[in-house]
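What's counted below: heavy atoms across the whole structure, side chains too, no hydrogens, waters or symmetry copies.
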Amino acid sequence: RLLSVQHLHILDAKTVNEARAGYNFIRGNSLGIETFKDSGFGIKRANANDFPGLGSIRIGPTGTNAVAIGNAGTNIDASNSQSSTTLVDILSLIRGRHSVRLGGGLIYYRNTLNANNNRRGTIVFQSFNNFLIGAVNNSVYADGINIRVLRATDYSFFVQDDWKLSSRLTLNLGLRY
């Protein structure tokens, strides 16, 4: 979603003010569709109603082509919303041989992340034999604070002078922050 508004105000024949405002919003949700449920395999989880499906069951050493079924929830139970608000004002002046522009801007960024990584859990077996006898190598179940709200503000200011020294030479001077 994008909204932008601009207003030009002519103060006199040699003075113009330009004001702009904008808003941008992007949302992305990623929800898993799981065909298997852990209850079908005799596995009980406290959060099975909130995060249905089968956690990740991996058979084989780490770093190899292990056999895996299910999904721990990594990169699927997530939402992300980003927005930015922009405000800009520029004043343009013509005075004699000088054409001066000065102004500033502000951009406010907001990013809200909600990642439920590993909410279904992961169970790792080193080998198929270990899987058959139920000897688990390790397991992970994630819980805790999963929402992050990131904010930042950028400020900018500038002044620019186009000084016409002669009909064939113009000097452009400026400062920007």
Side-chain angles (χ1 to χ4, degrees), residues 1-6 18-90 103-158 160 174-177:
R1 312 254 186 271
L2 178 64
L3 173 68
S4 181
V5 178
Q6 177 177 349
E18 174 186 358
R20 287 181 296 196
Y23 180 74
N24 182 27
F25 181 77
I26 299 172
R27 180 191 340 234
N29 293 325
S30 177
L31 301 172
I33 299 173
E34 300 293 329
T35 54
F36 299 111
K37 298 199 181 310
D38 39 15
S39 60
F41 294 89
I43 301 171
K44 294 181 181 176
R45 249 184 326 115
N47 66 355
N49 290 336
D50 295 326
F51 301 101
L54 177 64
S56 177
I57 299 173
R58 197 180 64 179
I59 303 167
T62 303
T64 64
N65 291 330
V67 175
I69 61 169
N71 189 315
T74 306
N75 299 324
I76 62 167
D77 294 320
S79 66
N80 183 8
S81 62
Q82 302 172 20
S83 67
S84 63
T85 305
T86 305
L87 302 171
V88 175
D89 192 65
I90 299 170
L106 174 135
I107 304 175
Y108 174 73
Y109 303 95
R110 181 180 170 105
N111 191 351
T112 304
L113 306 163
N114 184 351
N116 292 303
N117 291 330
N118 240 337
R119 288 294 174 116
R120 291 182 178 89
T122 301
I123 302 172
V124 178
F125 300 92
Q126 282 296 94
S127 67
F128 188 68
N129 288 338
N130 286 0
F131 172 72
L132 291 176
I133 63 173
V136 174
N137 182 52
N138 67 46
S139 64
V140 176
Y141 174 76
D143 203 1
I145 300 171
N146 59 344
I147 296 176
R148 301 287 183 262
V149 179
L150 310 173
R151 298 181 186 119
T153 305
D154 288 337
Y155 303 94
S156 61
F157 307 98
F158 77 95
Q160 174 183 332
L175 292 173
R176 184 171 294 274
Y177 173 78

Pro61 versus Ala66, closest heavy-atom pair with distance: O-CB, 4.3 Å

Atom pair CZ (Phe25) and CD (Gln82), whose distance is rounded to the nearest 0.5 Å: 9.5 Å

Within 6.0 Å of CG in Leu132, more than 12 heavy atoms from elsewhere: yes

Spatial distance of atom CZ (Arg110) from atom OG (Ser84) [nearest 0.5 Å]: 13.0 Å

Nearest atoms (heavy-atom pairs only) where Arg20 meets Gln6: CG-CG, 3.7 Å

Spatial distance of atom OH (Tyr141) from atom OG (Ser139) [nearest 0.5 Å]: 12.0 Å

pair Phe125-Asn137: side-chain heavy atoms closer than 4.5 Å: no

Taking every non-hydrogen atom, the tightest pair across Asn29 and Asn80: OD1-N, 4.3 Å

Least distance between heavy atoms, Leu87 atom then Ala21 atom: CD2-CB, 3.8 Å

More than 12 heavy atoms of other groups within 6.0 Å of Asn49 CG: no

Heavy-atom side-chain proximity of Asp154 to Tyr109 below 4.5 angstrom: yes

Smallest separation among heavy atoms of Ser83 and Tyr23, with atom names: CB-OH, 3.6 Å

Atom pair OG (Ser56) and CD1 (Ile69), whose distance is rounded to the nearest 0.5 Å: 8.5 Å

Value rounded to 0.5 Å, distance of CZ in Arg148 from CG in Asn114: 10.0 Å

Shortest non-hydrogen contact from Gly60 toward Val124: O-CG1, 4.3 Å

Student check: side-chain heavy atoms of Lys37 and Pro52 closer than 4.5 Å: yes

CG on Asn111 to OG on Ser81, rounded to 0.5 Å: 7.0 Å

Backbone N/O of Arg119 and side chain of Asn47: donor-acceptor pair under 3.5 Å: yes

Min side-chain heavy-atom separation Ile43-Leu54 under 4.5 Å: yes

Geometric class of the Phe157/Tyr177 ring pair [parallel <30°, tilted 30-60°, perpendicular >60°]: parallel

